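Below is one structure; the comments refer to it alone.
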There are 2 protein chains.
Amino acid sequence: MSEARATIYTVARAAGVSAQTVSRVLNGTGQVSARTRAAVLAAIEAQGYRPNAVGRSLRASRTPMIGMLVADVGNPFYARLHRAIERRLAGSGYSLMLMNCDDDARIEHRQLELLRSYRPTGLVIVPSVGSSLTDARLQEFGHVVSVSRVLGGVHVPAVVTDEADAVAAAASELVAYGHTGIAVILGPREASTTRAREQGFRTAVDSHPQARGLVRYTDGTRQGAQEAAEALLRAHPEVTGVIGFNALVTEGIVSALLTAGRRCPEDVSVIGFTDAGWMTLHRPAISVIDQPVEEMGALAGRLLLDMAAGQSVDPGPHVVPSTLVRRGSVAPPSMTKERRA
Amino acid sequence: MSEARATIYTVARAAGVSAQTVSRVLNGTGQVSARTRAAVLAAIEAQGYRPNAVGRSLRASRTPMIGMLVADVGNPFYARLHRAIERRLAGSGYSLMLMNCDDDARIEHRQLELLRSYRPTGLVIVPSVGSSLTDARLQEFGHVVSVSRVLGGVHVPAVVTDEADAVAAAASELVAYGHTGIAVILGPREASTTRAREQGFRTAVDSHPQARGLVRYTDGTRQGAQEAAEALLRAHPEVTGVIGFNALVTEGIVSALLTAGRRCPEDVSVIGFTDAGWMTLHRPAISVIDQPVEEMGALAGRLLLDMAAGQSVDPGPHVVPSTLVRRGSVAPPSMTKERRA
DNA sequence: CTGAAAGCGCTTACAG
DNA sequence: CTGAAAGCGCTTACAG
């Protein structure tokens, strides 16, 4: 009843046992007789006692918390990833702490420093562009899993999709439809995802002698992508098929088409990367490389939980394949001439 | 150099001072001579010492952490809100811990219990539907601000938009365009936002004798809204203007229109609530009640910071007005007949 | 099955 | 301007 600061000691006193025994009941460790347990539980109930995670963490030298650092929480990809990881962690006793770094290595450093001060159990990281994270540094966070972007020279399990193959399939799809001038609007040049997707694109283009491929780098935002796409379409009217790096970039491409007065798919075919709700609403519906975000998040969560439980895990990279979802935004380039005729 | 557990004590020893003085240097509290400060800083540098937030929190009986509990992190509104609050908190020393509750009072309770165990400094809450949160309970979280949804019988500063007026303006806009059968697809019946928006809708409809208003409740998801909109359009062909509760519901309405073969705006005019990137891409571009999410988040962050600094703040509710953004999804209903003719 | 003691890393009074 | 002591709430060895 006296809510005035219930601790393990006040509970112990009321139950006529030691603090140690209360701790045992709380954590289900060791052996406690049924009678003692009942007395402790009754005292906990009577006092409205609730554990203090801070005391526990200090003693244990670690906090049951998983940090999650991403480049941009405004990108729906990361929101979905966060949700998927949180779902996987639910009930495990670990909480997820989401942090943003605006894809800035300096902010990344600062955020990780803050996280580290809590002595977390693990970290899910989508490294920022230009990240200078090292193995030694990451070790400070206990168990680490990287998602989507991988970090060079660093040995942590990675969860990714089949970047290169997925983009190669999309590029080949455009070629199969008869496009010879195709382009991909990528993200930041230094991002591993950009490099992998570019490589897949080039591989596909190179395997089709009739095709010519163009590559553009952006900051991965809608605005940046729109500008890049507008410039590209202006300078290269022969481009009739464009692949977008992510959902935001795809928005930028579609927006650029609108601005430039180019119709989709009659004038330009479009394939996005990472599905988004609006893509089925758009006319034509946007064909997309559907990234299995939920599976990726669930896998990352599981790996972390396994590591935290002391199990050794496959360092991967764990590749969860994407699927090309065909909707209405890809058509033969010849349609242009037919319609114009 | 000896990275083997640098603490305030190892630093103190190396600098030839007491732990207390190291603490003073770390926190900038009290007076420390320049020489002493330099010696401490040198020792910190040499040992690679970094503070342990857990020890600090335990002693201080509170953690420099702000919890943020929302109904659905998958809703872009909350992602934007999170980002805005994090921005406002950046550099303040407080970290933001985002938690999801799937709009379930039970999960809300569990998540808050977890948060509370960290002894946070504050909480930003979008109460779940059916939340049984009380003043007493919320007091356990130190400083609390509610955003968007308000909680009955609870006295915490609230940050909201002008729900009723905004929806009333949208409904009047439809009537002004000549619509007489108008509808609003709302969220959960129990949510304060639903009630306020419904009230605004009814007020507007009642002030126009020629207008008839229909109201539907949903779970606020795209799927739920799509089903509700399909049923509504089927049962009430006289409805030619629809207002959506949020961006997801608006997706559902647009999707329902597509499924039902009703054109926008020729057959049905649409006004959304809360802007989203796809709305300017859609043809027609979707007119929307643009909710000032960033301002709301910044304000919530500031209120929390002020409260944490011991200042008393205006309990509000703090109303940040929305703006009706006219795009292409509203047209006179007469267009229907003209086109059909 | 249970307990007394120590200590996790830090800051808060209290002295000087 | 600086320090010795105590204690935040808990769990970890160590005993019995």
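The figures that follow rest on heavy atoms only: side chains count, while hydrogens, waters and symmetry mates do not. The structure presented is a predicted model; accordingly, all values stated were derived computationally and were not measured. Reminder, nothing fancy here: chain letters follow the sequence lines and each chain counts from 1.
- A salt bridge does not link B/Arg83 with B/Glu294: every distance from a Lys NZ or Arg NE/NH1/NH2 to an Asp or Glu carboxylate oxygen is 4.0 Å or more.
- In this structure, A/Ser57 reaches neither bases nor backbone, as no heavy-atom distance under 4.0 Å exists between it and the strands shown.
- Rounded to a whole Å, the CZ atom of A/Arg35 is 14 Å from the P atom of C/dC1.
- Remark: A/Arg110 does not engage A/Asp104 in a salt bridge, criterion side-chain N to carboxylate O under 4.0 Å.
- Evaluation of the side chain to side chain contact (heavy atoms under 4.5 Å, CB included) rule for A/Ala43 yields A/Val11, A/Ala14, A/Ala15 as partners, not counting sequence neighbours.
- Distance CZ (A/Arg56) to C1' (C/dG9): 18 Å, rounded to an integer number of Å.
- With C/dT2, C/dT11, C/dC1 as the choices, the nucleotide that has an atom nearest any side-chain atom of B/Ser23 turns out to be C/dT11.
- Across all strands shown, C/dT2 is found opposite D/dA15 as a Watson-Crick or G-U wobble partner, with both distances under 3.5 Å.
- Spacing between atom CZ of B/Arg13 and atom C1' of D/dA4 amounts to 15 Å, rounded to whole angstrom units.
- Regarding B/Leu26, its CG atom lies at a distance of 6 Å from the P atom of C/dT11, rounded to whole Å.
- Closest approach to the B/Ser18 side chain among D/dA4, C/dC10, C/dT2 is made by D/dA4 (side chain taken as heavy atoms from C-beta onward).
- Summarising the geometry, the separation between CG on A/Leu58 and C1' on D/dT11 is reported as 10 Å, rounded to the nearest angstrom.
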Dump the pairs, protein N or O against N or O of nucleotides 14-16 of chain D, anything under 3.5 Å, distances to one decimal.
none

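- Looking at B/Val22 and B/Ser18, their side chains never come closer than 4.5 Å, going by heavy atoms from C-beta outward.
- In this model, the phosphate group of D/dG3 is approached by a side-chain N or O of B/Thr21 to a distance below 4.0 Å at OP1 or OP2.
- With rounding to whole Å, B/Arg119 atom CZ is found 19 Å from D/dG7 atom P.
- Rounded to an integer number of Å, the gap from A/Ile8 CD1 to C/dA4 P is 14 Å.
- Checking the phosphate oxygens (OP1, OP2) of D/dC10, a side-chain nitrogen or oxygen of A/Tyr49 falls inside 4.0 Å.
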Show the numbers, then the answer: is there a side chain to side chain contact (heavy atoms under 4.5 Å, CB included) between A/Thr161 and A/Val319?
-> CA-CA 5 Å; A/Thr161 189; A/Val319 180; 5.6 Å; no
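- The distance between atom CZ of B/Arg59 and atom C1' of C/dG7, rounded to the nearest whole Å, is 15 Å.
- Distances shorter than 4.0 Å separate none of the side-chain N or O atoms of A/Asn52 from OP1 or OP2 on D/dC8.
- Between B/Ser33 and the phosphate of D/dT2, there is a side-chain N or O to OP1/OP2 separation shorter than 4.0 Å.
- If you check every strand for non-hydrogen atoms under 4.0 Å, A/Thr36 touches sugar and phosphate atoms only.
- With contacts defined as side-chain heavy-atom distances shorter than 4.5 Å, the pair B/Leu81/B/Met68 qualifies.
- Here B/Met97 contributes atom CE and B/Leu123 contributes atom CG; the two are 11.0 Å apart, rounded to the nearest 0.5 Å.
- A/Val17 comes within contact range of the sugar-phosphate backbone alone, with a heavy-atom separation under 4.0 Å but no base atom that close.
- At least one side-chain heavy atom of A/Ile66 sits less than 4.5 Å from a side-chain heavy atom of A/Val124.
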